[in-house]
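First the structure, in the form of structure tokens, and then the observations on it.
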Amino acid sequence: MDLIWWVVAMAGCLALAGCIGLAVLWPRQVSQQELRPLANTGRLTRLPEYRRAVRRRTVTIVATVALLVVAFVASVLVAARPTGLPSWARNAQNSAPEDIMVCVGGPQDSPGVAATLKYFADRIPSFGTQRIGLTSANRRIVPLTRDYQYAAARFADYAQPQGSPSLVAPVSYADYAPSVEDVIAMCVTGLPPFDRTADQRRSLIYIGPQTTSGGAPALFTADRVTDLAHKAGVQVNVLTTGASTGPTTDLAHTTGGQAFSADSDVTAHLEQIRKHPPPAAPGAGAARSPESPEVPAIVALCAVVVLIALVVVRQRGTVGRRIALLVGAAVLLAIAIARPVIGGATPPPAVAGAHDPSIFVLVDRSADMGISDGRGRTRLAAARDDIAALMDRYPNARFAVISFASRPALNWPLSQDNWSLKPVVDAIAPYASTPAQAARADVGAASTVLRYQLFSAVQQYPRAQNLVFYLGAGAPESQEQARAFDPPAGAIDGGAVLAYDAAGQAALQAVAGQLGVPLLTRGGDGPLTGWAENPGHETAPAPAAATGFETYWILGMGAAGLVLVELYLVLRQFVRTRLVTPEPP
């Protein structure tokens, strides 16, 4: 702990010493008229009842003085503007963006893996600004995303003891076997370097063995992975099975992370890891005040509240005056804990990629998209090329992919992990369809999913553009009444409807009108042109919020003054009743 105003602390020490000296040492002459003559005082003071009353009174006075000193010292610390203590106001550690990648390198049926997945499935819905991802040995299960509903559902699916999908894709290698280092390197790539900012925090939580036994040579060595983690600014935490020490434990220690055994209480270990996230880089949370007066203010308030209780219990004649002083101090301290600010506001927590566009890609996977476009490829293959062109044009954008035929599916949540999105796009294929199924295709099947995705994007990234691209054939053979798109007002800032079948252009024109974007006919191999973002959407960074004028230290000074007055009165009353020097007759 450090103090911004040491002079206030020194002045407080002098004031406390002066108060005690004035109350205890300053002689007080009492006239004979103020004294009441008593008979048989010696006999009275020898009574056991009298002695018990004296001891009880002495203990009460000592306790009261001790509590007043504690309250005064803590109030002076508040007034001296302390730093370095725990604080919840304008905390840079909470406001700096944080990315969390859960990295599974162990068997899916191991208790440690299941406990880890269940832990995050239960806690993801309570996240605020974090981005969460899940990576296995050869798959990006959940890309880094703030779509908490999607992420929590995926974590819960893979945490099921029976019937859960496989974390690892069934891929066989001729002369290669994934090593622990390769798995961690794969997970680090899910924290893309293009998103690195001065206040970005990155945490990787690995669950699996320390090392792999034998096999083909690995792609990454332990030193190479350590260097990769340092360059990406990633804090690596590990929950290992088997041996308690090894290269993964060393990696955790060198990156500022923690290492635990996955064979014991995994939930408790994860709680410990989440309590110590990566520190914010220098310069993070510039609008945050570094002062942390909450702890001493709470200590002072607790001491004052106990004093109020003692005064009420004792019921002395001066209760009214003392209650007024102590209640006044308690009110000032309670307000100081809230840290009121004049002329400023607390900036909202920072969000990674807050100004990068959010792009929603709606892909028609009906049987009509599997028909050849006349140039040796299917319509869906042409659509995949157009998606790749969009990704090249917006390398830092967040992409979400929603596919549909008669029903929608969110294939990819809103995420900036476009490196992992490319193979997902390449694997998109038309659904197997019968004539009856083709008749049920719906050009508006994705309307509800898109609406809720836009709602979420507007709330999470209010200063980012939302672009919607609809790629489809228009379901010309459908007999179903198409659902209408009803996006939130003002949520779409650009995009286009791309038509790959002239027969369905009438239906696609209606979709374009509902989305408020142009209709483009994709009949050749030319570049994707003819559309633009809404120029009226402002995406410039928000102005820095003013820190304002802190007032808690003024309240702390006031509370210290009231407590000091009460301390003087208590000591003076005690001294008066113990040491009385009458005036000579």
Side-chain angles (χ1 to χ4, degrees), residues 92-106 116 119-120 124 127 129-146 151 155 178-211 218-240 246-260 262 269-270 272-285 350-353 396 415-420:
Q93 299 301 328
N94 293 333
S95 62
E98 182 183 8
D99 293 339
I100 307 167
M101 180 58 70
V102 180
C103 184
V104 178
T116 300
Y119 172 88
F120 282 102
I124 286 174
F127 283 1
T129 61
Q130 300 93 331
R131 298 189 300 185
I132 183 76
L134 173 62
T135 302
S136 68
N138 60 4
R139 290 182 63 192
R140 186 85 68 226
I141 308 297
V142 178
L144 209 60
T145 183
R146 290 184 67 202
F155 272 81
S179 67
V180 170
E181 291 76 14
D182 292 349
V183 173
I184 295 178
M186 170 76 171
C187 296
V188 171
T189 60
L191 304 163
F194 62 75
D195 203 26
R196 180 70 175 169
T197 58
D199 57 353
Q200 186 74 21
R201 297 184 296 161
R202 299 178 172 188
S203 175
L204 188 149
I205 301 175
Y206 169 80
I207 171 73
Q210 282 276 6
T211 58
L219 298 177
F220 287 83
T221 63
D223 292 340
R224 181 71 183 89
V225 172
T226 301
D227 184 59
L228 184 66
H230 280 299
K231 287 184 178 179
V234 179
Q235 179 199 76
V236 179
N237 302 275
V238 299
L239 295 168
T240 58
T248 55
T249 300
D250 296 339
L251 175 61
H253 293 159
T254 58
T255 57
Q258 302 179 74
F260 298 99
H269 296 331
L270 289 171
Q272 185 70 13
I273 290 173
R274 294 301 304 137
K275 288 180 181 177
H276 299 84
V351 176
N396 293 346
S415 172
Q416 286 183 302
D417 188 359
N418 298 339
W419 182 80
S420 301

Side chain proximity check, Leu251 to Glu181, heavy atoms < 4.5 angstrom: no

All side-chain hydrogen bond (donor to acceptor under 3.5 Å, both in side chains) counterparts of Thr248, not counting sequence neighbours: Gln210

Qualifying residue for side chain to side chain contact (heavy atoms under 4.5 Å, CB included) with Val102, from Leu270, Thr135, Ile132: Ile132

Where Pro143 and Asp417 come nearest, the two heavy atoms and their spacing: CB-CB, 4.0 Å

Where Thr249 and Ala259 come nearest, the two heavy atoms and their spacing: CG2-CB, 3.7 Å

Side-chain (Asp182) to main-chain (Leu219) donor-acceptor, under 3.5 angstrom: yes

No-hydrogen, no-angle side-chain donor-acceptor test under 3.5 Å, Arg131 and Ser415: no

Heavy-atom pair with the smallest gap, counting every atom of Gly133 and Leu144: N-CD1, 3.9 Å

Those residues that, when tested against Gln130, pass side-chain hydrogen bond (donor to acceptor under 3.5 Å, both in side chains) (two or more places apart): none

Contact summary for Thr254 and His230, nearest pair of heavy atoms: O-CE1, 3.1 Å

Phe120 side chain reached by Leu134 side chain, heavy atoms, under 4.5 Å: no

Over all atoms of both residues, closest heavy-atom pair of Met186 and Asn138: CE-C, 4.0 Å

Distance, nearest 0.5 Å, that separates CD of Gln258 from OG of Ser203: 9.5 Å

Within-4.5 Å side-chain heavy-atom neighbours: Glu98 and Thr129: no

Donor-acceptor contact below 3.5 Å, side chain Arg201 vs main chain Pro277: no

Verdict with supporting geometry, Leu204 and Val188, side-chain contact (heavy atoms from CB on, under 4.5 Å): CA-CA 7 Å; Leu204 188 149; Val188 171; 3.7 Å; yes

Plane angle bin for Phe260 and His269 - parallel if under 30°, tilted between 30 and 60°, otherwise perpendicular: parallel

Main-chain N/O of Ile205 paired with Asn237 side-chain donor or acceptor, under 3.5 Å: no

